[in-house]
Undergrad: 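Attaching a single structure in C-alpha cells format; questions to follow.
Note that the coordinates shown come from a computational prediction; the quantities given were computed from them, not determined experimentally. Quick note: numbers below take in every heavy atom, side chains included, and nothing from hydrogens, waters or symmetry partners.
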Amino acid sequence: MGHNRISTSSDAHRRESVTALRERPSAKVLIIGGGINGVGTFRDLALQGIDVALVERGDYCQGASGASSHMIHGGIRYLENGEFRLVKESVVERNRLLRIAPHYVKPLQTTIPIFSTFSGILSAPIRFLTHKQGKPNERGAFLIKLGLSMYDFFSRDGGSVPRHQFRGKDKALAELPKLHPGIKYTATYFDASVHNPERLTLDVLQDGEKAGRGGGLPGGTARASNYVSLVSMGTDGLRLRDELSGKEFDFQADIIVNTTGAWVDLTNQAMGAASQFMGGTKGSHIVLDHPGLLAACNGREIFFEHTDGRIVLIYPMGDRVLVGTTDVDADMSEDAVCTESEIDYFFDLIGHVFPTIKVDRGQIVYSFAGVRPLPRHDATQPGFVSRDYRIERSVRSGEGAMATPGGKAAVVLSLVGGKWTTFRALAEHMTNDVLRELGRERKISTAKLAIGGGAGFPATEQGEQEWIKKHMGPGLDADRVAGLLTRYGTRAETVIDYLNAGHDAPLRSTRELSVRELAFMAENEQVGHLVDVLIRRTSLAFRGLVTGELLNEIAAALAEPLGWDAADREAEVRHAQEVLRRFHKVDVHSLVA
C-alpha cells in the first residue's frame, strides 16, 4: 500500500525479528500476511508446538484488518444470503470473544430504525434465491422481526447478550428523540464491538511468540516479522526482502500459508502460480467529532438499511462517531481511500435517520478504507457476496519450483474470505489443515484460552477501578493507569513495571503517552515507523489528535531505541504526514525539529 520507506540507520540497529528469520532461514510453516487471520493461525500453530514463521510486508493489521467497522458481530444480514452456518459460527465466536478478550471486545447495544411494517416481504425471497439486489425495497418490521428471532435462536447456546426488543414509534422517539419522525418502530439487540482491533492483533501475535519461546531451536519455534515482503519463489526457496533495510534473503518451508487477504492472487503470482480466487470490495468509513450526533446515538450503534439497500451504521466510539460503510468493487491497482462521493453518501445516510442533524467536512477528523478479502463474485452484487471463507490447497512442483528442506514439493494453502469475528475459528480450521499435512495432532484448543491482556481482566467496572487504584504510583495517576489498562488490558502491569524501572516523562503534546512507554513499544512491539504508533499502537490518529508537535516529539522519543539519526527523524515525520494525508485525508503541518 505504499507505506514503507527504507531507513538509513537500519544496518546499525538490526531488527531482532528479521535477524531471527535470517539466521535460521527455514520453518515447517511460513505464513505470509499479518492481518488478524494470519496472526490467529500463527498463534494456534505455535500453541501446537509447530515450527512456524510469519512475515507481513507492512505493519501488522495494516490492511483490511485495520480498516474494519470495529464490530464483532453475528452478521444478521447474512441470514438473507442463506449463510446460516456462518451466522451460527459468528454468533458463537462473538460470545466467545466477549469472554476470552474482554479487554478489547465489549457488548454493543444496536438499534435498527424501521419505517414500514410489511415492506420487502415479496422481494426478500428473490434476494435470497438470486443474490441480486434489484430495485431497492426496504425491509419492514415483519422481516426484521423474523431475522432477529432467528438471530436470537442462534445465540441460545452460551449466549451472553440479551434478546432483541421492539419499540413502537412513541417509545422509540422517547429513547432516541433525534430519530426521523417518520419511523414506525425500532428494534434493539446486542452485538459486540472491538475498539482496538490493531492492539488485539498484537496481543494474538505476542501470545504466539510466547508459546514458541525455547523449543530447542534458535529464535524459538514461533518467529514473526513485519515489514518483510515476498519477492519471488525459486529452487532456493522463497525470496524475502526486509523493507526497512532493502536486504533480501531466502527462506524455506514445508507448507506456505497465504493469508494476504485481497492480495492472495498477487501473492500466488509472485510464487509462480497465479490464481483467480479473489474479488475484493472496498469499504470506507469516516470518523466525526460531532457532539450532537454523538448525543443523538445515546450510546448505541444505529444500524440500518439506506435508500439504496446497503446496510450502514452510525457508531459512537468514545467521544467520536464512526460512520460507514460502502461496498464497491475494488481496483487492486489503486490505493484504497475514502472518496469525496463516499463522504457525500455518508452525510446522506446520516440525514436519512437524523434529519435535523447537520454534518460538514470540517467535522471529519479521520477517514479510512480497506479491501475486503471476498471471493470472486462475477455478476453477484457486492452486498450479497459471501463473507464465509474457504481454504484452497495447491502444490508448487515442476521445473523452477521450490523444494522443501525435506526435498518435497511445497504445499500452499490459500485463504479465500474471512471476517474479523470468526478469526479464531478460521485459524483453528487452517491450523487443523496444516496439522493434517504434517501428520501431527492438535495439542490444545484456543476456544477457551484468554487472549493477551484479557487474562484476569476485571469483570466489573468496580473491579477495573480497584485494579487502577492498585497500580497507581508516582507519575501514574488514575487517568494514566486507566489509559494503560484500556490500551494493554492486564498486560499493562508489565508496561507499568517498565515505566517504573527508569526515569520517565510524559509528552508535552499528549498526556496519553510518555517517553518510556514509547521505548517499551519500540523494544516489544516491532515498531518500524513513526506512523505505526499513531495508527496501530495507539488511537491518536483515529481520534484526530495528531499535531505537528506530536509528530516531532514521538520521533525524538523513538530515535534512540530505533537508532534513528537526525535525517531518519525528519524522514519519519514526513512519511507520517504523507500516509495521513494520502490514506486518511488528515493534513498535519510540522516544522521538523
Undergrad: Hey, is NZ on K106 packed in by over 12 heavy atoms from elsewhere, all under 6.0 Å?
TA: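 Enclosed: over 12 neighbouring heavy atoms sit under 6.0 Å from NZ of K106.
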
Undergrad: Distance from D568 atom CG to H529 atom NE2, nearest 0.5 Å?
TA: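 So the gap between those two atoms works out to 10.5 Å.
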
Undergrad: Going by the side chain to side chain contact (heavy atoms under 4.5 Å, CB included) test, name the single residue among V579, I364, L580, V365 that passes it with V586.
TA: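 Among V579, I364, L580, V365, the one meeting side chain to side chain contact (heavy atoms under 4.5 Å, CB included) with V586 is L580.
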
Undergrad: Any side-chain heavy atom of V204 sitting closer than 4.5 Å to one from F423?
TA: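 Result yes, sub-4.5 Å side-chain heavy-atom pair found.
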
Undergrad: Does atom CD of E340 have more than 12 heavy-atom neighbours from other groups under 6.0 Å away?
TA: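 It does: E340 CD has more than 12 such atoms within range.
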
Undergrad: Test Y60 against every option in R536, E525, Q526 by the side chain to side chain donor-acceptor pair (under 3.5 Å) rule and name the one that passes.
TA: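 When R536, E525, Q526 are each tested with Y60, the side chain to side chain donor-acceptor pair (under 3.5 Å) holds only for Q526.
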
Undergrad: Minimum heavy-atom separation for S284 to T325, with atom names?
TA: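 The pair with the smallest heavy-atom distance is O-OG1, 3.1 Å.
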
Undergrad: Could you tell me if E466 and Q462 have a donor-acceptor pair between their side chains, going purely by distance under 3.5 Å?
TA: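 There is such a pair between these side chains.
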
Undergrad: To the nearest 0.5 Å, how far apart are OH in Y315 and NE2 in H285?
TA: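 Nearest 0.5 Å value for the OH-NE2 distance: 10.0 Å.
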
Undergrad: Any side-chain heavy atom of S17 within less than 4.5 Å of one from Y227?
TA: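 The answer is no; the side chains never approach within 4.5 Å.
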
Undergrad: Side chains of K585 and I343, heavy atoms from C-beta outward: is any pair under 4.5 Å?
TA: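 Heavy-atom side-chain distance check passes, below 4.5 Å.
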
Undergrad: Is it the case that over 12 heavy atoms from other parts of the model lie below 6.0 angstrom from the NZ atom of K28?
TA: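 Atom NZ in K28 is not packed in, count stays at 12 or less.
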
Undergrad: Show your working on ring-ring contact (aromatic ring centres under 6.0 Å, His included) between H70 and F542 and close with a plain yes or no.
TA: CA-CA 12 Å; H70 291 63; F542 184 94; 5.2 Å; yes

Undergrad: Measuring only between side-chain heavy atoms, which start at C-beta, is R511 closer than 4.5 Å to D477?
TA: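 Of all side-chain heavy-atom pairs linking D477 with R511, none is under 4.5 Å.
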
Undergrad: Report the distance from atom NZ of K282 to atom SG of C338, rounding to the nearest 0.5 Å.
TA: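 So the NZ of K282 and the SG of C338 are separated by 6.5 Å.
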
Undergrad: How far does CG of N95 sit from OG1 of T421, to the nearest 0.5 angstrom?
TA: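 These two atoms lie 11.0 Å from each other.
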
Undergrad: Between F368 and H584, does the ring centroid distance fall short of 6.0 Å?
TA: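 No, ring centres 6.0 Å or more apart.
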
Undergrad: Kindly indicate whether the side chain of V495, heavy atoms from C-beta on, has any atom under 4.5 Å from the side chain of R491.
TA: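 Of all side-chain heavy-atom pairs linking R491 with V495, none is under 4.5 Å.
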
Undergrad: Give me the atom names and distance for the closest heavy-atom approach of D51 to S26.
TA: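 Scanning both residues completely, I find the closest heavy atoms to be OD2-O, 4.1 Å.
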
Undergrad: Where does the angle between the aromatic ring planes of Y498 and F520 fall among parallel (under 30°), tilted (30 to 60°) and perpendicular (over 60°)?
TA: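 Correct class here is perpendicular.
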
Undergrad: Taking the basic N atoms (NZ, or NE/NH1/NH2) and the acidic carboxylate oxygens, is any pair closer than 4.0 Å for R223 and E23?
TA: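 Salt bridge flag = no for E23 with R223.
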
Undergrad: For residues L97 and I451, determine if any side-chain heavy atom of one lies less than 4.5 Å from a side-chain heavy atom of the other.
TA: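 Yes - at least one pair of side-chain heavy atoms lies under 4.5 Å apart.
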
Undergrad: Could you give the distance from CZ (R543) to CG (L540), rounded to the nearest 0.5 Å?
TA: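 Reported to 0.5 Å precision, the distance equals 5.5 Å.
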
Undergrad: Check this for me, if you would: do R581 and E578 make a salt bridge, where the nitrogen-to-carboxylate-oxygen distance has to be below 4.0 angstrom?
TA: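 Yes, charged N to carboxylate O under 4.0 Å.
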
